[in-house]
Amino acid sequence: MTADLFDSLETTGPSREPLAPGAVLLRGFARSHETELLAAIETITAQAPFRRMITPGGHQMSVAMTNCGAFGWVTDRSGYRYDAVDPESGKTWPAMPSLFRQLAEQAAGAAGFAGFAPDACLINRYEPGAKMSLHQDRDERDLDEPIVSVSLGLPATFLFGGLKRSDKTQRHRLVHGDVVVWGGPARLAFHGVAPLADGEHARLGRRRINLTFRRAR
Ligand code: MD3
Ligand code: FE
């Protein structure tokens, strides 16, 4: 473990760093729940396996995705949408585990968004080289609701821009257990993830998993 991580977690506990107006990084907020989170992800992905979806433009995403909760985010040639049904199985998505719901609610509360009640959790899996191009999240009905993200496994370089695609981007390294709450003026910011560097994580091997909790409907 690095000196930084040791200082921030072992001696002082999770820390709270503002990234931009409306965006708060809760460093290590999910670390103490890693075993239960990973077990829940195993259960979910046994029912709704990771798959690489096709964008409306016809490209296959490098990130593999699945969902849990009442609604799941999906993309295909016809567009992006939230759907109660997994198009691969024709069944509803696995239920959102209460730990997921509680973690998201607590993180949102710590960032000033009391009462956050997510109805969708998108689960993204990155393998070395996988990336997410700059985009905005705007498929949710109420953009006043925040998004809570949980990073697990290999570290990633997260890109965080402004309200225009051409705005300059800040880079932030997100590591295992980090939670970020995105709301208010940050909610419609362009953002993405740089190609994942290869590595070996003690719990996840050559992978990064990101959970995003949303109020879709
Ligand atoms: C900033 N996922 O699933 S999480 C996504 O690491 C997505 O997998 C990335 O962007 C990932 O849509 C980034 C952090 C994140 C999520 C939503 C945001 C940052 C955001 C919405 C608005 C602004
Ligand atoms: Fe996004």
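One-based numbering, in listed order, for ligands and for the atoms of each.
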Salt-bridged, Asp86 to Arg51, with N to O below 4.0 Å?
yes

Indicate, with yes or no, if Val180 and Phe100 share a hydrophobic cluster defined by side-chain heavy-atom contacts under 4.5 Å among Ile, Leu, Val, Met, Phe, Trp and Tyr.
no

Is Leu174 reachable from Leu122 through a run of hydrophobic residues whose side-chain heavy atoms are each under 4.5 Å from the next?
yes

Give every pair made of an N or O atom of ligand 1 and a protein N or O atom lying under 3.5 Å apart, one pair per line with both atom names and the distance to 0.1 Å, or write 'none'.
residue	atom	partner	partner atom	Å
ligand 1	3 (O)	Asn124	ND2	3.0
ligand 1	3 (O)	Arg214	NH2	3.2
ligand 1	6 (O)	Arg208	NH1	2.9
ligand 1	6 (O)	Arg208	NH2	3.1
ligand 1	8 (O)	Asn124	ND2	3.0
ligand 1	8 (O)	Tyr126	OH	2.6
ligand 1	8 (O)	Asn210	OD1	3.4
ligand 1	10 (O)	His135	NE2	3.2
ligand 1	10 (O)	His191	NE2	3.0
ligand 1	12 (O)	His135	NE2	3.2
ligand 1	12 (O)	Asp137	OD1	3.3
ligand 1	12 (O)	Asp137	OD2	3.1
ligand 1	12 (O)	Arg214	NH2	3.1

Nearest to the Fe ion (ligand 2), which N, O or S atom of His191 do we find?
NE2

Below 4.5 Å, heavy atoms only, C-beta onward: do Thr66 and Pro94 meet side chain to side chain?
no

Under a 4.5 Å cut-off applied to non-hydrogen side-chain atoms, are Glu140 and Tyr82 in contact?
yes

Parallel, tilted or perpendicular, judged at 30° and 60°: which one describes the rings of His191 and Trp182?
parallel

Once rounded to 10°, what is the value of the angle centred on the Fe ion (ligand 2) between Asp137 OD1 and His135 NE2?
80°

Which of Asp76, Asp139, Thr75 passes side-chain hydrogen bond (donor to acceptor under 3.5 Å, both in side chains) with Arg81? Answer is Asp76

